[in-house]
Structure formats: structure tokens, C-alpha cells
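Written below as C-alpha cells is the structure these notes are about.
Heavy-atom basis, side chains included; hydrogens, waters and symmetry copies ignored.
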Amino acid sequence: SAMRSQEDEAMSSVSGAAGHAALAICESMLLSLTENKVIDCAEARAILADAAAAHRHSIPLVTDGGAAAHEEAAALIEVILKGGNSVRHP
């Protein structure tokens with residue numbers, strides 16, 4: 001129904017915004033940890049690689065967007081690892 005479609009679209013928008021916020025927060029934390037020498041760049045990269053691997057090897061659920069959502073998340077993390085996307089650069 002049209003009402004259900006509007007609800008799904010609204011939830012998708014909120015979910016997308018939450019994902020963007022989470023990405024920005026996590027990336028800023030990793031940058032801060034490396035800039036303040038709490039962890040080195042190799043450890044930050046290892047954290048990102050572990051996150052990508054977790055998405056690549058996850059068991060997709062209908063409630064979490066399924067396999068496509070995990071694939072997209074892993075691909076985005078791998079782009080960040082390659083240096084092609086960043087919230088901010090030091």
C-alpha cells in the first residue's frame with residue numbers, strides 16, 4: 001500500500017542517516033586515536049580490515065538488510081582503507 005511504502009521510505013532514510021552518522025563517528029575516532037598516538041596507522045587499518053571481513057563473513061538477516069547490505073558495507077570500508085573516502089583528512 002502507499003502508506004506502507006511511505007513508512008518504508010522514511011525508515012530507510014533514518015537508517016541511512018544513522019549509518020552516515022556512525023561512519024563519521026567511527027572514522028573520526030580512528031583518526032583521533034592515530035593522531036594522539038594511542039594506536040598506530042597499521043592498527044587503525046587492521047580495525048577497518050576486521051570490520052570489512054566481519055561484513056563479508058556475516059550471516060545475513062532480513063532485519064539487517066540482508067546480504068546486499070553487508071556487501072555494500074564491506075565495499076565501503078574497503079574504499080576507506082584505500083584512502084578514497086574520508087570524513088576528514090589529518
Side-chain angles (χ1 to χ4, degrees):
S1 76
M3 179 62 109
R4 182 71 179 152
S5 178
Q6 288 175 342
E7 290 173 1
D8 289 344
E9 188 174 315
M11 286 304 293
S12 177
S13 178
V14 169
S15 176
H20 288 294
L23 175 62
I25 291 165
C26 290
E27 190 172 14
S28 291
M29 286 175 46
L30 285 174
L31 288 169
S32 179
L33 289 169
T34 55
E35 289 169 359
N36 289 297
K37 311 249 186 283
V38 175
I39 62 174
D40 61 17
C41 288
E43 181 63 19
R45 294 181 64 74
I47 290 167
L48 290 170
D50 286 347
H55 279 286
R56 291 247 182 250
H57 301 104
S58 68
I59 298 171
L61 304 171
V62 173
T63 57
D64 70 2
H70 286 288
E71 179 62 32
E72 289 173 15
L76 178 57
I77 294 166
E78 289 164 352
V79 167
I80 293 168
L81 269 168
K82 292 177 185 172
N85 188 13
S86 180
V87 173
R88 66 184 175 110
H89 294 281

Say whether, by atom type as modelled, one donor and one acceptor occur between the side chain of Ser32 and the main chain of Ser28 under 3.5 angstrom.
no
Q) Does Ala42 offer a backbone N or O that forms a donor-acceptor pair with the side chain of Asp40 under 3.5 Å? A) yes
Roughly how far, to the nearest 0.5 Å, is [atom2] of [Y] from [atom1] of [X]?
| X | Y | atom1 | atom2 | value |
| --- | --- | --- | --- | --- |
| Lys82 | Ile80 | NZ | CD1 | 12.0 Å |
| His55 | Glu71 | NE2 | CD | 11.0 Å |
| Cys41 | Leu31 | SG | CG | 9.0 Å |
| Ile25 | Leu30 | CD1 | CG | 12.5 Å |

Of all heavy-atom pairs linking Ala52 and Ala74, the shortest is O-CB, 3.7 Å
Side chain to side chain contact (heavy atoms under 4.5 Å, CB included) test vs Ile77 passes for just one of Leu48, Ile47, Leu23, namely Leu48
